Amino acid sequence: MAFPVHGTQHRATATGTRGMVAAAHPLAALAGIRTIIDGGNAIDAAVATAAALNVVEPFMSGSAGVGYMHIYHAASGEQRICDYVGLTPQAAEVALFDEQKKLRGPMSPLVPAACAGWLEALRRYGTMDAATAFAPAIELAEHGFALTVTGHTFFDGCRPGLLAYPESARTYLIDGRAPLPGDLLVQKDLANTFRLVAEGGAEVFYRGEIADKIVDHVQEMGGLLTRDDLAACEPTWLEPAHTDYRGNRVCAPPPPCQAVQYLEILNIMEGFDVAAMGHNTVETLHRFIEAAKLAVADRAEYAAIADPPTAGLLSREYAAERRALIGERAQPSGGDRYTAEKIDGEIVAGDPYAWLKSECTTHFDTIDADGNAVAVTQSLGGGFGSQMVVPGTGLALNNFMNWFDLEPQSPNAIGPAKKNEMCVSPVQIWDGDGLRLLIGTPGSYGILQTTPQMIMNVFDHGMNVQAAIEAPRLTATHPGTLVNVETRIPDPVLRALERRGHEFNRLGDWSPGVGGGQGIMVDPDSGAFMGGADPRRDGYAIGW
């Protein structure tokens with residue numbers, strides 16, 4: 001069996017046999033593949049790619065952000081997830097926040113845990129020291145890189161928020177304007193921060209010089225982070241949650257990661273003959289949209305509680321029960337956040353405990369010739385996160401407090417030293433003989449719907465990874481029956497769905513609003529790699 005060839009492609013696929021990196025920016029992919037060429041493994045390459053993305057895509061992710069690194073280590077046979085989603089400050093409580101305070105500014109950051117996660121992954125599974133892994137990023141930050149058209153769009157869209165903070169404006173703007181495509185962006189403070197981390201490790205970031213700068217600035221601006229919050233930061237290692245889809249094991253981070261939502265979607269969709277119904281047809285899309293709403297309701301109700309019923313949510317019996325609720329008409333969703341008051345006719349959570357009583361938003365991928373493989377989704381939250389850059393560090397702090405709820409009854413309500421219900425969710429997919437696919441995407445709550453669409457494109461419709469990523473997508477992330485959709489889905493299909501009660505927010509032919517996926521497939525016979533990257537943003541795959 002060779003790679004699948006089906007599917008219309010806008011861009012050629014990348015291939016390789018000794019290594020592959022698919023990332024959200026070509027310079028970050030280059031940093032990762034350079035690391036493999038220089039003798040590093042896929043984990044070394046993942047850290048190099050992550051650090052380089054901090055430089056070239058600073059609006060999306062960085063060492064002051066959060067994420068999950070999903071690792072397969074070939075020598076030990078271990079598949080583990082490094083969880084570097086920081087906790088809320090110890091002083092956090094709902095009464096201190098409103099929508100604006102949790103959205104941007106000094107109250108909005110979680111503990112910045114990404115740097116700790118990168119270093120921990122390197123310590124446990126890498127072969128290079130931090131200085132070597134960080135070297136490409138230091139070079140890019142020190143000497144600058146030319147901004148892309150997509151990069152300019154994000155910088156310009158965030159310009160008003162950056163102007164509110166002098167250090168942010170100094171770091172990312174040129175005389176108050178967004179850098180233009182081709183302008184060089186030099187970040188010497190960030191280069192120096194990376195050098196300090198390479199020399200001093202997590203100690204300097206969480207208990208030393210960098211920690212002091214972060215805490216002093218946040219508290220001066222009225223935020224909650226303390227030295228104790230940073231000093232307590234420790235990445236954790238998790239066992240993946242998983243379900244089987246068409247004979248393939250789909251592995252993702254467990255709750256409170258929201259990946260349980262797309263695992264449930266796949267379970268529901270497996271009960272339909274998706275291949276026979278066809279790609280992006282009325283029947284397939286109607287069932288997918290309704291399955292997504294059902295899984296959203298369950299995830300919002302259960303993912304963030306203390307002992308989530310993961311086994312029940314992912315059981316075949318529960319999927320059949322939820323699947324039976326899909327009729328011929330669109331049902332209203334309550335939206336992606338927990339709501340105490342339900343609207344009339346709203347899809348509500350089921351009872352996964354019934355089965356337990358009887359049994360119990362950047363993404364990138366790396367792989368090497370030895371079979372080590374890494375899928376990473378990490379984020380700052382919104383564009384440039386909190387939009388606050390810590391003076392003298394080049395670090396934009398995340399704004400993931402915004403992913404908590406102000407509703408006290410919500411299991412995802414703001415609280416002290418709390419892990420949030422996290423939407424970033426990288427996936428690895430295995431069959432009985434080995435790894436077949438690494439894939440993921442940014443996109444906030446949309447991640448949980450674009451990811452299963454890409455998976456179905458591969459395993460139901462036989463698409464190669466580039467075609468699966470490029471295929472038009474939709475996301476039902478609004479309250480009610482409104483769906484975001486790319487208009488490459490034919491208009492007669494959308495009109496037929498409207499007659500079933502769906503409403504559409506037409507985004508145009510290609511929209512970054514439905515994510516920016518990256519992925520790597522492994523050929524089951526030759527072991528060769530095929531990489532795909534999303535033209536909706538600056539995605540690029542490089543093989544060796």
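Just so we're clear, the structure is a prediction, and the values are computed from it rather than from any experiment. One-based numbering along the sequence shown.
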> Using side-chain heavy atoms (C-beta onward) and a distance below 4.5 Å, is V465 in contact with I520?
no
> Report the relative orientation of the aromatic rings in F154 and F59; use parallel for angles under 30°, tilted for 30 to 60°, perpendicular for over 60°.
parallel
> Under 4.5 Å between any side-chain heavy atoms of V522 and L437, yes or no?
no
> Identify the two heavy atoms, one from Q466 and one from G531, that lie closest to each other, and give their separation to 0.1 Å.
OE1-O, 4.1 Å
> Just by modelled atom types, is the G508 backbone N or O under 3.5 Å from a matching donor or acceptor in the T487 side chain?
yes
> Can you tell me how far the CD1 atom of I326 sits from the CD atom of Q331, to the nearest 0.5 Å?
8.5 Å
> Looking at CG of L30 and CD1 of I33, how far apart are the two atoms once the value is rounded to the nearest 0.5 Å?
9.0 Å
> Could you state the interatomic distance from CG (L53) to NE2 (H25), rounded to the nearest 0.5 Å?
8.5 Å
> Apply the test side chain to side chain contact (heavy atoms under 4.5 Å, CB included) to residues V250 and H242: give CA-CA distance (whole Å), side-chain angles for both, the deciding distance (0.1 Å), then the verdict.
CA-CA 5 Å; V250 184; H242 60 84; over 6 Å; no
> Hey, is the main chain of F404 close enough, under 3.5 Å, to the side chain of K102 for a donor-acceptor pair?
yes
> Inspect the contact between R80 and E239 and indicate whether a charged nitrogen and a carboxylate oxygen are less than 4.0 angstrom apart.
yes
> Could you check if a side-chain atom of W430 sits within less than 4.5 angstrom of a side-chain atom of N248, using non-hydrogen atoms only?
no
> How far apart are the C-alpha atoms of R249 and D244, what are their side-chain angles, what is the distance that settles it, and do they pass the salt bridge (charged side-chain N to carboxylate O under 4.0 Å, His left out) test?
CA-CA 4 Å; R249 176 153 291 196; D244 289 337; 3.3 Å; yes
> Is there a side chain to side chain contact (heavy atoms under 4.5 Å, CB included) between F504 and L482 once you walk through the steps?
CA-CA 5 Å; F504 291 106; L482 183 64; 5.7 Å; no
> One pair to check against salt bridge (charged side-chain N to carboxylate O under 4.0 Å, His left out): E264 and R299. What are the steps and the verdict?
CA-CA 9 Å; E264 183 181 339; R299 184 268 302 160; over 6 Å; no
> Could you tell me whether the side chain of R500 and the main chain of H286 form a donor-acceptor pair under 3.5 Å?
no
> Between T475 and Q449, does any side-chain donor sit less than 3.5 Å from a side-chain acceptor?
no
> Kindly give the heavy-atom pair with the smallest separation between T362 and M60, and that separation in Å.
CB-CB, 4.4 Å
> Do R473 side-chain atoms and V485 backbone N/O form a donor-acceptor pair below 3.5 Å?
no
> Please check: side-chain N/O of N280 versus main-chain N/O of I489, any donor-acceptor pairing under 3.5 Å?
no
> Backbone N or O of A42 within a donor-acceptor pair of the T366 side chain at under 3.5 Å?
yes
> Taking Y125's backbone N and O only, do any of them form a donor-acceptor pair with N41's side chain (distance below 3.5 Å, no angle check)?
yes
> Is it the case that the side chains of Q378 and W118 hold a donor-acceptor pair, with the cut-off being a distance below 3.5 Å and no angle test?
yes
> What's the separation between atom CD1 in I469 and atom CG in N464, rounded to the nearest 0.5 Å?
9.0 Å
> With distance as the sole criterion, is a donor-acceptor pair present between the side chains of H363 and T441 under 3.5 Å?
no
> Between E486 and R506, is the closest basic N to carboxylate O distance under 4.0 Å?
no
> Using the side chain to side chain contact (heavy atoms under 4.5 Å, CB included) rule, take V483 and I289 through it: C-alpha gap first, then chi angles, then the decisive distance, then the call.
CA-CA 8 Å; V483 178; I289 293 167; 4.1 Å; yes
> Using side-chain heavy atoms (C-beta onward) and a distance below 4.5 Å, is H70 in contact with L238?
no
> Can you name the side-chain hydrogen bond (donor to acceptor under 3.5 Å, both in side chains) partners of N505, sequence neighbours left out?
N484
> What closest approach, in Å, do A468 and V458 show between heavy atoms, and which atom pair accounts for it?
CB-CG2, 3.7 Å
> Counting the benzene-type ring for Trp, do W544 and F529 have ring centres under 6.0 Å apart?
no
> If we ignore angles and hydrogens, is there a donor and acceptor under 3.5 Å between the side chains of W510 and E470?
no
> Tell me if the OH atom of Y72 is crowded by more than 12 foreign heavy atoms within 6.0 Å.
yes
> Does a side-chain heavy-atom distance below 4.5 Å link S425 with Q258?
no
> Which atom pair, heavy atoms only, marks the closest approach of A24 to E57?
CB-OE2, 3.4 Å
> Please check if any side-chain donor atom of Q261 sits under 3.5 Å from a side-chain acceptor atom of Y445, or the reverse.
no
> So, taking the atom named SG in C257 and the one named OH in Y68, what distance separates them when rounded to the nearest 0.5 Å?
4.5 Å
> Can you see which heavy atom on E270 is nearest to which on R246, and at what distance?
OE2-N, 2.6 Å
> Between the side chains of T153 and T150, does any donor sit under 3.5 Å from an acceptor?
no
> Tell me yes or no: between the side chains of D460 and Y245, is some donor less than 3.5 Å from an acceptor?
yes
> Any sub-3.5 Å donor-acceptor pair from N399's side-chain atoms to G382's backbone N or O?
yes
> I need the F272 CZ to T284 OG1 distance, nearest 0.5 Å.
9.5 Å
> Taking R287 first and then E283, would you say they form a salt bridge - that is, a charged N and a carboxylate O separated by under 4.0 Å?
yes
> As a quick check of understanding, evaluate salt bridge (charged side-chain N to carboxylate O under 4.0 Å, His left out) for D509 and R536, giving each step before the final call.
CA-CA 10 Å; D509 286 354; R536 294 172 178 87; over 6 Å; no
> Quick check: does any side chain N or O of S410 sit under 3.5 Å from a backbone N or O of N412, one acting as donor and the other as acceptor?
yes
> Please test V260 against L314 for side chain to side chain contact (heavy atoms under 4.5 Å, CB included), starting from the C-alpha separation and ending with a verdict.
CA-CA 8 Å; V260 67; L314 298 183; 4.0 Å; yes
> Keeping K419 on the side-chain end and V85 on the backbone end, is there a donor-acceptor pair under 3.5 Å?
yes
> Which pair of non-hydrogen atoms, one from P411 and one from E301, has the smallest distance, and what is that distance?
CG-O, 3.7 Å
> I'd like to check F288 versus L474 (side-chain heavy atoms, cut-off strictly below 4.5 Å). Are they in contact?
yes
> For D538 and T148, what are the C-alpha separation, side-chain angles and deciding distance, and is it a side chain to side chain donor-acceptor pair (under 3.5 Å)?
CA-CA 8 Å; D538 280 333; T148 65; 2.5 Å; yes
> So, are D431 and R436 salt-bridged, with charged N and O less than 4.0 Å apart?
yes
> Do D298 and Y318 have side-chain N/O donor and acceptor atoms under 3.5 Å apart?
yes
> In the structure I gave you, are the side-chain heavy atoms of T88 and M401 within less than 4.5 Å of one another anywhere?
yes
> For the residue pair V374 and I367, establish whether any side-chain heavy-atom pair is separated by less than 4.5 Å.
no
